[in-house]
Amino acid sequence: MALEFKLPDIGEGITEGEIVKWLVNTGDTVKEDQPLVEIMTDKVTAEIPSPTAGVVQECRGKEGDVVDVGAVIVVIETTTAGVVSEVATKEPTVAAPQSASKPQARCTSPGTSSVLSGSGAKMLAAPATRKLARELGINLTTVAGTGPRGRITPDDVRGFSSSRPTLASGPLSTPSTVQGQESEKRVPFIGMRRRIGEHLVKSKHTAPHFAYVEEVDMTELVSLRQQLKGDAEAQGVKLTYLPFIAKAVISGLKAFPGLNSSLDDAKGELVYKNHYHLGIAAATDEGLIVPVVKFADQKNLYALASEIQDLSLRARNGQLKPHDVTGGTFTLTSIGSIGGLFSVPIINHPEVGIMGINKIEKRAVVRNNTIVIRNMMYLSICCDHRVVDGSEAALFVKHVVEYLQQPARLLI
Amino acid sequence: MSSIHKPDVAIIGAGPGGYVAAIRLAQLGQKVLLVEQNKTMGGVCLNRGCIPSKALIYAGSLYEKMKHAGDMGILLSNEPTIDLPKMMDWKDGIVNKLTGGVAQLLKANGVQTLTGRAEFNGPHKLSVKTPNGNIEQVEAKSYLIATGSSPIDIPGFKRDGKVIIDSTDALSLQDVPKKLALIGGGVIGLELGILYAKLGTEVTVVEMMDQLLPGTDKDVVQVLTRSLKKRKIKVFTESKAQPVQVKGKTATLTIERPKGTEVIKDLDKVLVAVGRKPNSQSMGLEKAGVKVDDRGFIQVDHQLRTSVRHIFAIGDVTSAPLLAHKASKEGLVAAEVIAGNTHEVLDVRAMPSAVFTDPEIATVGLTEEQAKAEGYTLRIGTFPFAASGRAMSMNKTEGLVKMIVDGNTDQILGVHMIGPEVSELIAEVTLAIEMGATAEDIALTVHAHPTLPESIMEAAESVHGKAVHIYQKEKPPLVGAK
């Protein structure tokens, strides 16, 4: 039987793609998973694999045509009837039901079609809402509108953005069986989640990571913070350990410029940064995000504290602007509030180092041949070994540790 | 001596697409080089199109009003007369002020301009031939092609600039023609034809298709056709002009009609306005690898990117409709993308268009035919300007507002208007379509009285059979797909 194969959702708010190159012709016999066509979106170029084995009956659209997600691009005469039911489940998430629209491959000049379509031409949403969706990488056709007649409001888009996994699992999930019982739940791996993934894969593939862990006696810092806390609160600042650690790290970065650099792979040049933009990893419902404290070296303790607080609050509320999350030169990631001994984080590429801040706990340690109780913490660091050697990282950490153990120096 | 320019972005063409993109790119911190082959900025729109034609059309309308001022009790001691050279000077003054203003804006924003003709020598290299014959080299990180379009020539109607003229010539005539034939019943021809008819010219229009302004709503065109008849403009549709015969200062035109032929003698001008073609020739696009379609339009994606990743194109050279504001919008989007805001795309649901005929025509969104073809079930509301108090008080009651609405959701799909100041009225409904508004949204919005936009509100009410100032026995029926 003939199978109409539709352009699948390639993810990340993509509603259409351009046919770059046909890899098969009418009449060709194709195997399952054989690439049929190269589709380019504004984000990626992807080879679209055949959902089934069979004979290509029709290739719809010329190279250079822009095709909507959900439009039929290839008609394949399947070799076995049995394959078809599998195809139905295999088909990736095609965008949510579009009531009135009937996607069709367009052969008009791309400019004309672009005037009429745009992102989700049939969705009820004002231009500014549509722009917001583009900025957040959200396909509007997957957002349920709460306004009159299903109008999508900016709040709907923001809400979708921050709670995507839960929302998406409802209407979007493709039942994995036809028998009606759900043995697994499928959630589209798109948008921010997918971007985080791509970013981390790139970092791991590009930078050979090594990790180094040291312990810090935080007792002095604990008492210093205790002393300053009241004063900070009086000024409306919630003083955590992070700003102290940030201060110590900046001092270390200044002493070891290799840690505050990046490698320009394209040009083959090491770039040493003379500015200190500190990324502070923040967990949000939507996923990991790294807002950046710009010119952190020029800010005092309280200013750092309140800026970190503001950034993480806005991160949780999904209110960060693009410039809030770009330009970092070194990153801190703190998991201590949950627990664990220490973490081995992945570098925020193209930076070359990331420091893991871990929990502070009272431990028995030996001082002057006596067992005493001190507030101890593990400090971990991961570096790009192409740029930073183990000894340099160790010396950097030592520098940071010394500052944290004699925190009064931080105030100088 | 030639020098190598190395801007972030080189833009070819300083029309309403190119110069707008240049300013936005400069605002976004890009170093911009703007190449223009003419000495003045602004392209066809400012120099030979929208602006000069609107100036003349305004003057023509004033002249016509003055002739009828007596109806309102305004008596002139002499009949008004036309000094066309002076009118042209006045128009040139406006053009100069605007093009000069654009040049100043570009300068203030730090955009570097270069006069000359640009040609690609490869995907990353451009050479510009300046008026004194120098060749300047350009190596930009990105390019933006905004070269626009030019009038199409047709065999048998070769422009001589004296008898056989194009739209540019028609904007600089020094005498009012006695008898003028218009080849092509499109936007440009009709605007100019009506202008000269107002100034006293006897005008004939020849159009091959079965209606004027092909593609425009039939009810709208019907009003226009009636109005042309009142002005004594002869219209031949479904007709073909034979090659024109010029003898001395006049021409003779033979028109083949569905039934028989028509011969028009003693024409002192034949204005050819049959359409425009993209300016994509002889600029080395093939060397750059930029693909054009079979009609010469540069193919672009939703980010205005051509087949070459760092080369963008906007405006007339990419696709119809050939509209200045479309070029500007595309220029703004392309500028954002070039400057690194890669989430930007051309996301426009409603592209308005305004035709400065008399009465004016303005449309946005789908026509009745298009909406039916797309499978919509429709409800259509109309309201005639004859029932508008404001239109009456302006002595301009010809025309109507026609609103096409999705019968299932009440969402506005298109609005088509002909009548007084509709070029100004189209903004409200364009916003409505962009916002996804319903006819009811407009009906529930208070419109100031007495104004022309009340007619839009009434047309929206009429969709539901509730127009107040016309009698509606019942709600308009659903039409189109079941």
Side-chain angles (χ1 to χ4, degrees), chain A residues 12-20 40-43 45 62-68 99-102 104 107-138 140 145 147-153 322-323 326, chain B residues 278 291-307 309 313-321 323 326 329-330 333 336-337 340-351 365-366 370 374-377 406 408-411 413 431 433-438 440-441 481:
Chain A
E12 293 205 34
I14 300 294
T15 55
E16 59 188 15
E18 181 186 334
I19 299 175
V20 180
M40 184 177 77
T41 69
D42 57 333
K43 299 227 164 55
T45 300
K62 297 190 298 289
E63 291 178 357
D65 281 358
V66 175
V67 189
D68 286 340
S99 53
S101 79
K102 295 179 193 117
Q104 278 172 358
C107 296
T108 51
S109 79
T112 319
S113 63
S114 66
V115 170
L116 297 171
S117 60
S119 53
K122 304 283 159 70
M123 305 313 298
L124 252 186
T129 310
R130 276 136 57 194
K131 180 171 173 150
L132 178 69
R134 287 199 298 279
E135 284 172 352
L136 295 172
I138 290 169
L140 268 188
R149 296 173 298 115
R151 167 178 285 269
I152 299 167
T153 67
H323 64 81
T326 50
Chain B
K291 282 188 202 150
V292 298
D293 70 10
D294 47 11
R295 289 171 301 166
F297 287 110
I298 296 176
Q299 294 174 296
V300 291
D301 65 12
H302 279 191
Q303 294 192 306
L304 293 316
R305 226 184 263 279
T306 67
S307 49
R309 212 173 152 67
I314 55 170
D316 289 5
V317 76
T318 64
S319 63
L323 295 166
K326 169 178 161 279
K329 176 68 188 175
E330 291 177 351
V333 173
E336 293 287 342
V337 176
N341 297 328
T342 48
H343 58 77
E344 264 312 322
V345 297
L346 187 67
D347 175 19
V348 172
R349 292 182 185 181
M351 184 60 73
L366 301 179
Q370 284 168 335
E374 287 197 16
Y376 283 103
T377 307
D406 182 336
N408 294 319
T409 66
D410 199 38
Q411 196 171 340
L413 301 173
L431 179 65
I433 292 177
E434 279 295 339
M435 297 293 288
T438 59
E440 191 177 23
D441 288 329

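Letters A, B, ... are given to chains in the order of the sequence lines, protein chains preceding strands, and every chain is numbered from 1.
Contact check for B/D347 versus A/K131: no side-chain heavy atoms found under the 4.5 Å cut-off.
Rounding to the nearest 0.5 Å gives a distance of 11.0 Å between CG of B/N341 and CZ of A/R134. Note that NE2 of B/H343 and CD1 of A/I138 are 13.0 Å apart. Values are rounded to the nearest 0.5 Å. Atoms CZ and CG, on A/R149 and B/D406 in that order, are 9.0 Å from each other to the nearest 0.5 Å.
Looking at every heavy atom in both residues, B/E434 comes nearest to A/P127 through O-CD, 3.4 Å.
Annotation for B/Q370: atom CD counts as buried by contact number, over 12 foreign heavy atoms lying within 6.0 Å.
Contact of B/T438 with chain A is made through backbone and side chain together, with heavy-atom distances under 4.5 Å. Neither the backbone nor the side chain of B/A313 comes within contact range of chain A; no heavy atoms are under 4.5 Å apart. Neither the backbone nor the side chain of B/D294 comes within less than 4.5 Å of any heavy atom in chain A.
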